Colleague: 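Below is the structure I would like to discuss, written out as structure tokens.
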2 protein chains.
Amino acid sequence: MAGGRLQRELKKRRPFDSLEQEAALNITRTADRFGICFTRLFREHGLTPSQYNVLRILRGEGKPLPILEVADRMLTAVPGITGLIDRLEAMGLLDRERSTEDRRVVFVTITEPGLQLLARIDAPEAALHRRLLGHLTPDELRELTRLLEKARQSLDDCGG
Amino acid sequence: MAGGRLQRELKKRRPFDSLEQEAALNITRTADRFGICFTRLFREHGLTPSQYNVLRILRGEGKPLPILEVADRMLTAVPGITGLIDRLEAMGLLDRERSTEDRRVVFVTITEPGLQLLARIDAPEAALHRRLLGHLTPDELRELTRLLEKARQSLDDCGG
DNA sequence: ACCAATTAGTTTACGCGTCAATCAATCGGG
DNA sequence: CCCGATTGATTGACGCGTAAACTAATTGGT
């Protein structure tokens, strides 16, 4: 249980109820803290983290993708994706196009300006990854990844 | 590098650029997924995760706390805390009271209904922690916590 | 062919996170 | 004592996440 670092950060009086609780709170806390850093980086380039994520998915795919497919890969609940795509389209970073085969479907594609913007972010983002986690050894990084992937196995049965 | 689980989850074509990137994305992904579960649990009791957090901090403290002290322990940017406290006060779960010594300061205290609500959430929350992370061994949980705490050390110098 | 169910996507409403600007109370230097 | 700087807190604007309700196109059973 141990009066760990998180307990101090939170100015908690009591130790944690369980190892599971301590680990879960550490996951949340770390993601929140790191998220702040990435949010600031993206903001310098005029993007929010969600917007960056959409563009990155589209670049990785390399071809038009249905809107809901994008939402799916982001964990974004369906309704939220619409405004997100709206703003990116208004910025000229992606194109929206209704499918001719199934007119319910809307495809989105990253534009050339979108690709150029991502290209400008690549290097500083890699540098940030290194600044945040470069002090862990390769073995530690692999073990951290392994443990987090194992942690997520508990989600498989119950809800996506 | 390894075609890991996350790569499949994201339907990524290429492996990750670095171990740091893979670990960072795994932290984010796991926190997001787990967060969805906790959000649902709290919602069943009429609370958002942030609202629950405020109440939990106040219960842990056991005495009135200045508003900004609450915001500080939550990573919440200062302006956001006001509306959060507003809604909890409207629900009768906490009391707001301006300090007499320094009239700029506003103290908040959890009310009896607030304590009762938290008490109803305690057991299901502990159960959720166990469902999400109970399949890791105690050694794995300790190692996961250690690695995440080490990860956050990189934030100490630069803004945290 | 027709009507019900499903699917893709949007709209609306509400709460939260972040930023910039503001206001009131307090503190400090002259 | 007074003026400027600081501190605690709030407000307003904007974007995102989530849920509920809705529209439009497609599918499937009969």
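Throughout, a chain's letter reflects where its sequence line sits, starting with A, and its residues are numbered from 1. Because the structure is predicted, anything quoted here is derived from the model rather than measured. Just the heavy atoms: all of them, side chains too, but no hydrogens, waters or symmetry mates, feed the values below.
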Colleague: In Å, rounded to the nearest 0.5 Å, how long is the span from CG of B:Leu132 to CZ of B:Arg33?
Modeller: 11.0 Å
Colleague: Rounded to whole angstrom units, what separation is found between the CG atom of B:Leu84 and the C1' atom of C:dG17?
Modeller: 11 Å
Colleague: Please compare B:Glu101 and A:Phe107 by the position of their nearest nucleotide in DNA chain C and report the one closer to 5'.
Modeller: A:Phe107
Colleague: Find the distance B:Leu68:CG to D:dT10:P and express it as a whole number of Å.
Modeller: 8 Å
Colleague: Can you measure from CD1 (B:Ile110) to NZ (B:Lys63) and round to the nearest 0.5 angstrom?
Modeller: 14.5 Å
Colleague: So if I take every side-chain heavy atom of B:Val78 and compare against D:dG12, C:dT11, D:dA9, which nucleotide ends up nearest?
Modeller: D:dA9
Colleague: Calculate the interatomic distance between A:Ile81 atom CD1 and C:dT7 atom P; express it in whole Å.
Modeller: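 Distance, rounded to whole Å: 19 Å.
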Colleague: OP1 or OP2 of C:dT10 less than 4.0 angstrom from a side-chain nitrogen or oxygen of A:Arg96, does that happen here?
Modeller: yes
Colleague: Could you tell me if A:Arg152 and B:Asn26 have a donor-acceptor pair between their side chains, going purely by distance under 3.5 Å?
Modeller: yes
Colleague: Which of the following nucleotides, D:dT18, D:dG8, C:dG9, is nearest to the side chain of A:Pro66?
Modeller: C:dG9
Colleague: Starting the side chain at C-beta, find the nucleotide from C:dT18, C:dG15, D:dT6 nearest to B:Arg104.
Modeller: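 Of all the options, the side chain of B:Arg104 is nearest to D:dT6.
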Colleague: For B:Gln51 and D:dT18, give me the distance from atom CD to atom C1', rounded to whole Å.
Modeller: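 Distance, rounded to whole Å: 14 Å.
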Colleague: Between C1' on C:dT18 and CZ on A:Phe42, what's the gap in Å once rounded to a whole number?
Modeller: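 It works out to 16 Å between those atoms.
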Colleague: Between A:Ser50 and D:dG17, is there a contact of a side-chain N or O with OP1 or OP2 at under 4.0 Å?
Modeller: yes
Colleague: Figure out the CZ/P separation between B:Arg103 and D:dT10, and round it to whole Å.
Modeller: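 So the two atoms are 16 Å apart, to the nearest Å.
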Colleague: So do B:Cys37 and A:Leu155 actually touch side chain to side chain, heavy atoms under 4.5 Å?
Modeller: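 Side chain of A:Leu155 against side chain of B:Cys37, heavy atoms only: contact under 4.5 Å found.
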Colleague: Could you check which of C:dG9, D:dT11, C:dC19 has an atom nearest any side-chain atom of A:Arg43?
Modeller: C:dC19
Colleague: Nearest whole Å is fine: how far is D:dC14 P from A:Leu88 CG?
Modeller: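 The distance from CG of A:Leu88 to P of D:dC14 comes to 18 Å, rounded to the nearest Å.
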Colleague: Whole angstrom is fine here: how far is it from CG in A:Leu75 over to C1' in D:dG17?
Modeller: 11 Å
Colleague: Indicate the atoms forming the closest heavy-atom contact of A:Ile57 with A:Leu65, along with that distance.
Modeller: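 Nearest heavy atoms, A:Ile57 then A:Leu65: CG2-CD2, 3.9 Å.
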Colleague: Heavy atoms from C-beta onward define the side chain here; which of D:dT10, D:dT18, C:dG9 lies closest to that of A:Pro79?
Modeller: D:dT18
Colleague: Toward the 5' end of DNA chain D, which comes first, B:Asp102 or B:Ile36, by nearest nucleotide?
Modeller: B:Asp102
